[in-house]
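Reviewing the structure listed below.
Being a predicted model, the structure only gives us computed values, none of them experimental. Atom set for the values below is all heavy atoms of this structure, side chains included, hydrogens, waters and symmetry mates excluded. Letters A, B, ... mirror the listed sequences (proteins, then strands); counts begin at 1.
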Amino acid sequence: MTIETIRSSPLPAANGQAPVPLTETTTLTLAKAINAGLRRAMLDDPKVVLLGEDIGALGGVFRVTSDLLAEFGPNRVVDTPLAESAIIGTAVGLAYRGYRPVCEIQFDGFIFPGFDQIVSQVARFHYRTQGALRMPITIRVPFGGGIGAAEHHSESPEAYFTHTSGLRVVAVSNPQDAYSLIRQAIASDDPVLFFEPKRRYHVAGPVSPQLGESFERARVVAAGTDVTLLTYGALVSTATDAALAAADDGISVEVIDLRSLSPIDYATVEASIRKTGRLVVTHEASRSGGLGGEIIAEVTERCFDYLEAAPVRVTGFDIPYPTAKLEGHHLPDLDRMLDGVDRVLGRRR
Amino acid sequence: MTIETIRSSPLPAANGQAPVPLTETTTLTLAKAINAGLRRAMLDDPKVVLLGEDIGALGGVFRVTSDLLAEFGPNRVVDTPLAESAIIGTAVGLAYRGYRPVCEIQFDGFIFPGFDQIVSQVARFHYRTQGALRMPITIRVPFGGGIGAAEHHSESPEAYFTHTSGLRVVAVSNPQDAYSLIRQAIASDDPVLFFEPKRRYHVAGPVSPQLGESFERARVVAAGTDVTLLTYGALVSTATDAALAAADDGISVEVIDLRSLSPIDYATVEASIRKTGRLVVTHEASRSGGLGGEIIAEVTERCFDYLEAAPVRVTGFDIPYPTAKLEGHHLPDLDRMLDGVDRVLGRRR
Amino acid sequence: MNTVHTGGTPDVLLQLLSPAGVRLADADLDPWVAEMTGNDLAALYRDMVVVRRIDAEATALQRQGELGLWPPLLGQEAAQIGSGRALRADDFVFSSYRENAVAWCRGVAPTDILRVWRGTAQSGWDPLVHRMATPSIIIGAQTLHATGWAMGARFDGADSVAVAYFGDGATSEGDVNEALVFAASFQAPVVFFCQNNHWAISEPVGLQARAGIAGRAPGFGIPSLRIDGNDILAVMAATRLALNRARTGGGPTFIEAVTYRMGPHTTADDPTRYRPAAELEEWAKKDPILRLGRLLDSLGLLTPELEAETQAVADATAAELRAGCIGLPDPEPLTVLANVYATPHTGIDRQRAEYAAYLASFEPTGGKDS
Amino acid sequence: MNTVHTGGTPDVLLQLLSPAGVRLADADLDPWVAEMTGNDLAALYRDMVVVRRIDAEATALQRQGELGLWPPLLGQEAAQIGSGRALRADDFVFSSYRENAVAWCRGVAPTDILRVWRGTAQSGWDPLVHRMATPSIIIGAQTLHATGWAMGARFDGADSVAVAYFGDGATSEGDVNEALVFAASFQAPVVFFCQNNHWAISEPVGLQARAGIAGRAPGFGIPSLRIDGNDILAVMAATRLALNRARTGGGPTFIEAVTYRMGPHTTADDPTRYRPAAELEEWAKKDPILRLGRLLDSLGLLTPELEAETQAVADATAAELRAGCIGLPDPEPLTVLANVYATPHTGIDRQRAEYAAYLASFEPTGGKDS
Ligand SMILES: Cc1ncc(C[n+]2csc(CCOP(=O)(O)OP(=O)(O)O)c2C)c(N)n1
Ligand SMILES: Cc1ncc(C[n+]2csc(CCOP(=O)(O)OP(=O)(O)O)c2C)c(N)n1
Ligand SMILES: [Mg+2]
Ligand SMILES: [Mg+2]
């Protein structure tokens, strides 16, 4: 394991020019794809405003908002004081006025000072007002580990939000989804927590300007018949590798990228499990109370008679996110996924 | 459904006299039992201090800290300014100095402004410092609904904390446990979220001065052979009623009061399920991401071959806590528990 | 403008009306109430009497079990009516739970104010219709909403103003302080209207703010005014002054209205456990309604007609309130699962269908008891 | 005492040493450095040179891939050494991530400071041994810890003081403001030491605090001082003054040390994207080490011996740091699951056993690659 640093690779400098809008399929990094999606949304709707720390001149610590200040000005790209509760709370006020705020939380671990405003305000206003008030707020959160960072920079807090009724939760895994789903999130009249896999920010892929299918739909990344391997975010790539490795061993693994973590596309999940009878769920977040348990409970309820073995979880441990030199043990990797596949097949332990 | 108000029944006025320490089994309300437990802990250890809003002269809005200010003075019973993050954050500083702070959060819904300090600080310092620093902090939270209250006064946020590694989470259901477990929580060198079922505050029961068995142990409230009904907090009483009603129908229900929500006493749970083969979990919190899913996933993994049917959840809906006139629909009641029992027995739907 | 404190702790308490009802001069505030007629004064008087009556009737309804809880505003009528009546229709109020008189000023029907406390709804009115947000129970949260709204008003080039109402206790919450930071940074057109009613449930204001409430804002770059909150003329003048600053690009202003919570925190509270009786007596002498009454009297305006008419409006409002309250329909069972999302959602849709089926299973015996 | 501002926005910047190294008089601050000898000054000089060298070496180690990240303190040496050296052993420091020179003052071995940034531990040292808390990465959180510790000191009747270090950006966080509220209410013996280094990553201080940082505290009832943070004598005097107030029951004090972050926010940052080059040049002229050097020189104390000795200490420390860093052992795999709780815990114990078994399953082939 080597220590990667955040932005250890040199980043393209801001060129000060407005990028051309995406009109045809182009190869973009995941970070640039979100940038393109934000830009498209801002061009389409003057009520879309960005709020966050360092998102202006710097373009965000991950450069996801690069060049947008220059193009849209300080009333649309708002560098805020250093206070997360206020970032979310003022977004609520802006939504009261008809805006569609997009908040950037600098790193996953810094969302908690804003937790009260998210859980007690953003998530509830539509219900509270019997539909009179909408909260079309998108909260962007770079999440997950594997970048060798210091504490609070590698977390996976998604389960706190999937347990919070009134929120939608999305996690993207590739540039195309990053582009399409950020646009859908912003267009949604419901609040959306939008999780971006920070260790995949600089991985490039083709991006078409299409909006694509609804962000509520899971995506079957690789079809298979023996085991269903369910995941989201950065681990989709690892899971796909695991499926290839398993194939060498004669095991056919179906990999599903959930994309929407709340609600979950159980139609797609169920169809897969009816076929395979075996489920492995993998995520970076801690096991207890993580999304894996919820999915397994629901799948057990829906597909009990189809299950040939107890579903298996391959997750981070029930520990605070560990120090960089230990994160390789905490994070599910290819070996641990294969171990999970073996276990659900009764081949091990 | 009638509206009960918070403290609709007259409360005993502060008598200004120090209560005699509990020396023999006495009948106390749940609120008074916690009061007696706090008092015992404060007498035993001068480093135990209470922090919270209105806990001094008023004795807390539920009078759980009644008379303690008069007995222990303002350096032990600290009425704080109105700021939950500071209540938790100053408790961390006190723990750094060797104190054992007991924080009162006035109502469940007001814990979120303190969430960051709980999740990012209290829960992590022991791990962060490789054991050098202990956080023997108890955070008392009156929780749950059924009291006809306004928003933010009836919530069940426990799953946010059971997903947070480094915390212990306890929920009590009766005066004896309230007394014994608050003492154990305060004596614990780990931080403990201590959930008090506010709608049971005024229900009385016998309390012996014993510490009792470890708060990590679940309690079999009623033995049974057909179905295991798992719960905690205020619903233990409803579940016990449901078991009685089921017995009339010839169904033998084993009721388990978890007491510790993190960690969970799976030894006791497993033993029950190996016997019954059928599990119903019930809690007031929303279903998705609630404790029920976690328990079902774990039980499925541990007892797959013993399960005769898919475990069933009887929980609050995936909604923000509703208005008082609708809470009767949201909260699991005897009928919905029996419906769950029927479902797990395949008698219905 | 001397009365706007840009630094230090203002210890002057601005007044335009003494407790005895004598009109006092203040060069900065006077212009803002200069054009008030006797009719205007009478209208304010009527407002205050009516909202006090609403308050008493709601308290009675709670005692009779018709409401779950009620947070009385007794004693704070001038602070709320004086400020509420200073607003323009296009301004937007973000309040706490106690601002029932402000809701009255915003045209909310009294019965609608009760919905929350009867438990039939979580928002008594449509916030966009009355341009008053659903009152915030989470202390201080609404000050950020007001600030965000005001930032939007500035982005839009509008001259509408957001007004955030909150209590003395709220000033301790992080959110309120963050709101001051943001409002100052973005020069947002927001008025922070703090009713210092001396208590946060059982905690005296001195526990929250050692240096005085109005002294806090200048350190954030926000000018503040400390006014006698039981003096409706001072309240109205100060609010108009602050609104005007905001409308004309002057940014945020902080107003501390020094008043007193003469009742319990809520109907569930027992202030005798913590509050000296003498303090209440002292403040009873500074009653805001008596005070305006005395001014009206000295002007010969407190006529039997005005008294009678005011009484009639109060009686009618109370009767309407009582009937409205008792007549409030219970929400339909399935609304418990409605409006969680603005757009269709597979998770909630399924739970709704399941619960509908469950309820239907009781149908033969007349539905689930609820 | 004129220099302690109890209200308003202090715009005076207190100094004892001009950028040219000329000793200036200040009646309030002078007594606190009156007894300093030439040796004392030389020691401070040495401290500053050494910590700057540590900083440079750590930056180099990061560039060479030996550290994941490094937050340089370049330019803030006087603020940190001047305050750190004013503390008593029994005081307790609660800092942010940039206070490496304060850790040096608390006796933390330089290599231990690097542990966090090399990723071998989340706390580089035992906080109870050095009486310096694990630095807080969550901005502002530590100010509440300091306040709580200080409340405890007051409850205990001790005369130890808590010192909270934080940046200009941190003043916007709710936690920092709540800390001011609590510290004022409980008259806690805590010193709030804010290094205003003009930037919070890419955001200039004006975005965070429109009225100036030191102007904030008086509104909370906390006196404040605004000092030249690149003037080590002013820093030391002000810190001693504040510590003394706290020790003698005077309660909290707020110090704004006006300084400048001459480097990037961290080694991952590129300040050319947002910071005017001229600003940096301007501040280079106010360099804290040059300044004390000039004073020493004018006193005839900047001898070749001192220079040589200082250089030798710096070289030795840098060499020790480099060797120590590279030699830091990787943590044992199973420590990933250690110390989550202080007492046995069935959940984590099971995961630990399972993971041990999993790792053991790789044994024949030499263990899991890690
Ligand atoms: C975040 C939060 N914490 C605690 C409470 C409980 N609570 C309700 S009202 C109140 C006191 C508020 O005092 P103040 O701000 O002075 O307003 P007032 O009630 O006097 O109008 C408290 C502590 C709450 N509603 N929200
Ligand atoms: C709660 C939280 N939000 C955001 C961050 C990301 N962050 C790290 S340092 C920093 C700027 C801090 O500025 P300042 O307080 O002035 O301290 P300085 O870095 O200048 O020493 C930010 C935004 C964080 N660590 N914690
Ligand atoms: Mg108050
Ligand atoms: Mg800074």
Comparing C/Gln208, C/Arg352, C/Arg115, C/Gln122 against chain B, the one with the most heavy-atom pairs below 4.5 Å turns out to be C/Gln122
Identify the two heavy atoms, one from B/Ile55 and one from B/Thr65, that lie closest to each other, and give their separation to 0.1 Å.
O-OG1, 2.7 Å
Considering all heavy atoms, the nearest B/Asp318-B/Ser288 contact
OD2-OG, 2.6 Å
Residue from C/Ile139, C/Val176, C/Thr171, C/Val336 scoring the most non-hydrogen pairs under 4.5 Å with chain B is C/Val336
Portion of C/Thr272 that has a non-hydrogen atom of chain B nearer than 4.5 angstrom
neither
Would you call B/Arg336-B/Asp339 a salt bridge at under 4.0 Å N-O?
no
Modelled atom types, side-chain donor and acceptor of C/Tyr260 and C/Glu279, under 3.5 Å:
yes
Measuring heavy-atom distances to chain B, does C/Ala170 have an atom under 4.5 Å in its side chain, in its backbone, in both, or in neither?
backbone
Relative to chain B, which of C/Leu337, C/Thr267, C/Leu334 shows the most heavy atom pairs under 4.5 Å?
C/Leu337
What one should report as the nearest heavy-atom pair of B/His283 and B/Ala285 is ND1-O, 3.0 Å
At a heavy-atom separation under 4.5 Å, does C/Ile201 approach chain B through its side chain, its backbone, both, or neither?
both
